[in-house]
Chemist: 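Could you have a look at this structure, given as C-alpha cells, before my questions?
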2 protein chains.
Amino acid sequence: MPAYRIADLFAQRAKNIAPPTYGTELTKIITVSFAYGLADPTLFPHADLAAATAAVLAEQAPTVLNYGPPATLLYEQIISRLQAQGIAGDRNSVLIGYGSGQILGLLPDVFVEPGDVVIVEGPTFLGVVTRFAQAGAKLITIPVDDLGMDVDALEVTLRNLKQQGIRPRFIYTIPTFHNPTGVTMPLFRRKKLVALAAEYGVLVVEDDAYSDLRFRGEVVPSLASLDHEGWVLYVSTFSKIIAPGVRLGWACGDPTIIERLAMFKSEGPVGPFVSHVVARYCATGKLDGHIQKLIANYQHKCDLLLDAIAREFPSDVVALRPDGGFFVWCKLPPDISAKTLLTAASEHGVTFLPGTRCYANGQGDDAIRLSFSFQPPEKIVEGITTLGSVLHQLRQ
Amino acid sequence: MPAYRIADLFAQRAKNIAPPTYGTELTKIITVSFAYGLADPTLFPHADLAAATAAVLAEQAPTVLNYGPPATLLYEQIISRLQAQGIAGDRNSVLIGYGSGQILGLLPDVFVEPGDVVIVEGPTFLGVVTRFAQAGAKLITIPVDDLGMDVDALEVTLRNLKQQGIRPRFIYTIPTFHNPTGVTMPLFRRKKLVALAAEYGVLVVEDDAYSDLRFRGEVVPSLASLDHEGWVLYVSTFSKIIAPGVRLGWACGDPTIIERLAMFKSEGPVGPFVSHVVARYCATGKLDGHIQKLIANYQHKCDLLLDAIAREFPSDVVALRPDGGFFVWCKLPPDISAKTLLTAASEHGVTFLPGTRCYANGQGDDAIRLSFSFQPPEKIVEGITTLGSVLHQLRQ
C-alpha cells in the first residue's frame, strides 16, 4: 500500500503555489528605497491613537471587545468624510474592510466569471489588478497620459466591445494622484468617464487612496460625486492618512453591490476593537489637522525629489510633477531600460519600482515610479544623486 | 434600448444572496438568551489591553502602525501556548487569522473540490460546517455521544468510503468541551481518531476554542499532541480567553497546509496593530491569571445552570455536565420538540439554540444547547426557572 501524503488532499487550485516575488530581488544591500508606496512611519499619530484606545476601553469595553459590527461611530465618520467630497453614503451603501485592498480583492467574487472583461489602466496598481487576472478576468488596458486614463481610447474600446456583444464588468481607475504616475484626471475627463459608464452599463471602481494628500492645485470632484445612477463604486482607506497597521478601508456604492461584497468578505465584519479605536480618534477632530501635517511633509519631500531630479538626472528624463499623493513617474529616454537601470541602481544601493511592474500587458520598460513618501529628506537627495550618476554612467 | 442594470453585472455566484436568518426570529422581547456562545463581556481584560496598547504605541509605533506581518512576539506567545499543550509549532507551521472562524472558512479553498467528502460531527458547530457545504463539500455526519465523536462509527464510514474509492478531505471535530454538547473526548478515542487519520490519509481539523476553560477533571491531550505525522491541523483562538473583538485566531499544522491557507487569506496578514497589542498583553504573563478568573466565573455559572435545571426541569430532560467551556446540552424527552419549546419559551422571553441548528443532516429536534457563558448569574436562574415552567406547561 502506498503511503498517503497530505499533498494529495489539496484541491487543484491549491496544488501549486507561486513563491512570492517580492523580496527575492533584494539580494543587494539597499540604502535608499523609492520602491514602496508606504506612508512615512515617523508621522503615525500614535499618541492620539493610544489616547483613543484608552478612552474606548475605559468607557465601552464590553462592546469594543466583543463580537459585533464595526463601530457605528466609524460609519458616521466615514459617511461624513464622503459627504465632504460630495458623495452621499449611508450605512447600507458603505462597507468597511481590512484595508481597501481587501475590498478591491473581493470584486472578482461579485463580478467576474472566468473570461469576463475588466478594464484597467496602463500603468496601474498591479497589486490589485493581478488579483482580477487570477480570478479569471480578461484584462484590457487603457493608456494613462498626463491627464489620467485616456477616456477617448476607453470610448473606442467600449464601442468595439459592444459590437462584439461584450459588456465589461468594471473599469478600475485611480483618478487622483494616480498610482504609479501621480497624475490627476481633470473634470472634463471625469464627466466623460461617468457618462460612458452609464451609457455602456459598466461599473467604475474609483480607487481613491490618496486624494486627501493634495499639496497644490484645485480639488477635482471624485467620480462618485459626479455619478447619480450608482455606476461608481468608491473605495478609500485610512492607510495613507492614519496608518496602514490599523488595516481599515471602505467602499461606498450601490447597496446591492455593498451587500454582495460583504457576503464574500467571509470572515465577517472587521474587528470591533480597531474600528472603535480609529472612530474615536477621528471623532476628536484631530484627523484634519494631522492630514495638514502629512501634506506639508509630503510636499516638502516631493519638491526635494523633483529638485534633485532636475539637478541630477539627464535632461531627457521626464518627471511628472504631482499635485499630491506619494509618487513621481519618470519617463526614460529610449536608450535607457527601466530594468537595466534597476539592476545598475541596486548595485549602488538604490531601488525603485520599474514601470514593468505597473502594467498588466507587459509594457513599462520605459518608465520608473519613485515614491517620495517613505524616505526621510536626506535619503531622498542621496538616492536621487546616486540614481542620477547611474543614469549618466549608463550612457557612457 | 433597454436600460442597463447593475444587477446584470453580477457573477452567477453573486446573483442571489440569502437574507441572514439570525435575528429574524427575534420578534419577541428576549430577557434571557442562552442562545449564543459568547464570552462574558464583563470579564474582558480591558485595562490590561489599554496598558499594552499604550506600551506598544509609545515604544514601537513605526512598526506597530505600518504594513507588515503579525508581531513576532505574537508568534512566540502562540508557539509557547502550543508547546504547553505538547504541540510542536514554529513560525512556518503557524498561521494567524482574523479569528479561528476565518481560518476554518479557508479550509474549503485548500481542500475541497465540489463533491469532495468532508466528515463532520452531529451535532456540531454549524456556523463553520455550513461554509464547507457552501463550498460544495458533501458532508457526512458521524454521531457524537457522551464521549465525543463515535470513532467506531467513523472507522466504519472511512472503510466504506475507501471501498468506494473515496478519500475524504478532512474530519472536522471539536474534541474538548464540544460545541454544542460540552462533552470531552477521552484519550482512548483520541488515539484511535489520530490513528484512523493516518491509516486512511485524512486530515483531522481539531477546533480547540475552549480547552483553556477547564473547570474540573483531568486535562486530556489535544489530538495535535498525539499526532506525529502531520495529519492534525490544530485551530484555536483568543476569542474565549481574551476577547472576540480583537479578532485573532491561529492554526498550527503541516507547513504545506499553512502556506496554502495563507495564500487564500487574500487580504494579507492580520493587522500589525492588534497583533502587537495582544502579544504585549500575553507577554506580561497576566493571561494565565486572567484565565483562572474566567474559569472560576464560568464554573460558577455552569453549576448554577445545572442546579437550576435539576430543580426546575422535568426529570426526564437529560443535561450533560461539562468539565469546561460554555455549553450544556439537554436531551429532551420524546414528547417534546426543541422547535416547539423554542417558540413557547420565546413567548416568555427566553431563548436558546435548538438542536436543529447544530446538525448538518436535519436532526436535532430532540435536544437544545444552553450557553451559560454570556448571562449574569441571576439571569441564568431566572431563565432556567422560566424554561422549566414552559417545559411543564407543554406537558399539560
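Quick note: numbers below take in every heavy atom, side chains included, and nothing from hydrogens, waters or symmetry partners. Residue numbering restarts at 1 for every chain, and letters A, B, ... go by the order of the sequence lines.
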Chemist: Counting only non-hydrogen atoms closer than 4.5 Å, can you tell me which residues of residues 95-104 of chain B sit against chain A?
Modeler: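 Residues in range: B:Y98, B:Q102.
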Chemist: In terms of the angle between their ring planes, are B:Y4 and A:W231 parallel, tilted or perpendicular, with boundaries placed at 30° and 60°?
Modeler: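 Geometry flag for A:W231 against B:Y4: perpendicular rings.
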Chemist: For A:T256, which atoms come within 4.5 Å of any heavy atom of chain B: side chain, backbone, both, or neither?
Modeler: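 Both parts, heavy atoms under 4.5 Å.
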Chemist: So what's closer than 4.5 Å to chain B heavy atoms on A:R131: side chain, backbone, both or neither?
Modeler: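 Just its side chain gets close to chain B.
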Chemist: Please flag which part of B:F264 lies under 4.5 Å from any non-hydrogen atom of chain A: side chain, backbone, both or neither.
Modeler: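 Side chain only.
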Chemist: Let me know if B:K15 has heavy atoms under 4.5 Å from chain A in its side chain, its backbone, both or neither.
Modeler: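 Contact with chain A involves the backbone of B:K15 alone.
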Chemist: Name all residues meeting the side chain to side chain contact (heavy atoms under 4.5 Å, CB included) criterion together with A:T63; count only those two or more places apart in sequence or in a different chain, and write none if there are none.
Modeler: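 Per chain and number, A:T63 pairs via side chain to side chain contact (heavy atoms under 4.5 Å, CB included) with A:H276.
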Chemist: Please flag which part of A:V110 lies under 4.5 Å from any non-hydrogen atom of chain B: side chain, backbone, both or neither.
Modeler: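 A:V110 touches chain B through backbone and side-chain heavy atoms alike.
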Chemist: With only heavy atoms counted, which part of A:F374 is less than 4.5 Å from chain B, the side chain, the backbone, both or neither?
Modeler: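 Contact with chain B: side chain only.
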Chemist: Name the region of A:R169, side chain, backbone, both or neither, that has any atom closer than 4.5 Å to a heavy atom of chain B.
Modeler: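 Looking at A:R169, backbone and side chain both touch chain B.
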Chemist: Any residues in residues 242-251 of chain A near chain B, with a heavy-atom distance under 4.5 Å, and which are they?
Modeler: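 Counting heavy atoms that sit under 4.5 Å from chain B, the residues of residues 242-251 of chain A involved are A:A243, A:P244, A:G245, A:V246, A:R247.
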Chemist: With sequence neighbours left out, write down each residue that passes side chain to side chain donor-acceptor pair (under 3.5 Å) with B:D227, or none if nothing qualifies.
Modeler: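 Not a single residue meets the side chain to side chain donor-acceptor pair (under 3.5 Å) criterion with B:D227.
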Chemist: Heavy-atom distances under 4.5 Å only: say whether B:A198 touches chain A with side chain, backbone, both or neither.
Modeler: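 Backbone only.
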Chemist: Can you tell me which portion of A:D40 sits under 4.5 Å from chain B's heavy atoms? Options are side chain, backbone, both or neither.
Modeler: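 For A:D40, neither part sits under 4.5 Å from chain B.
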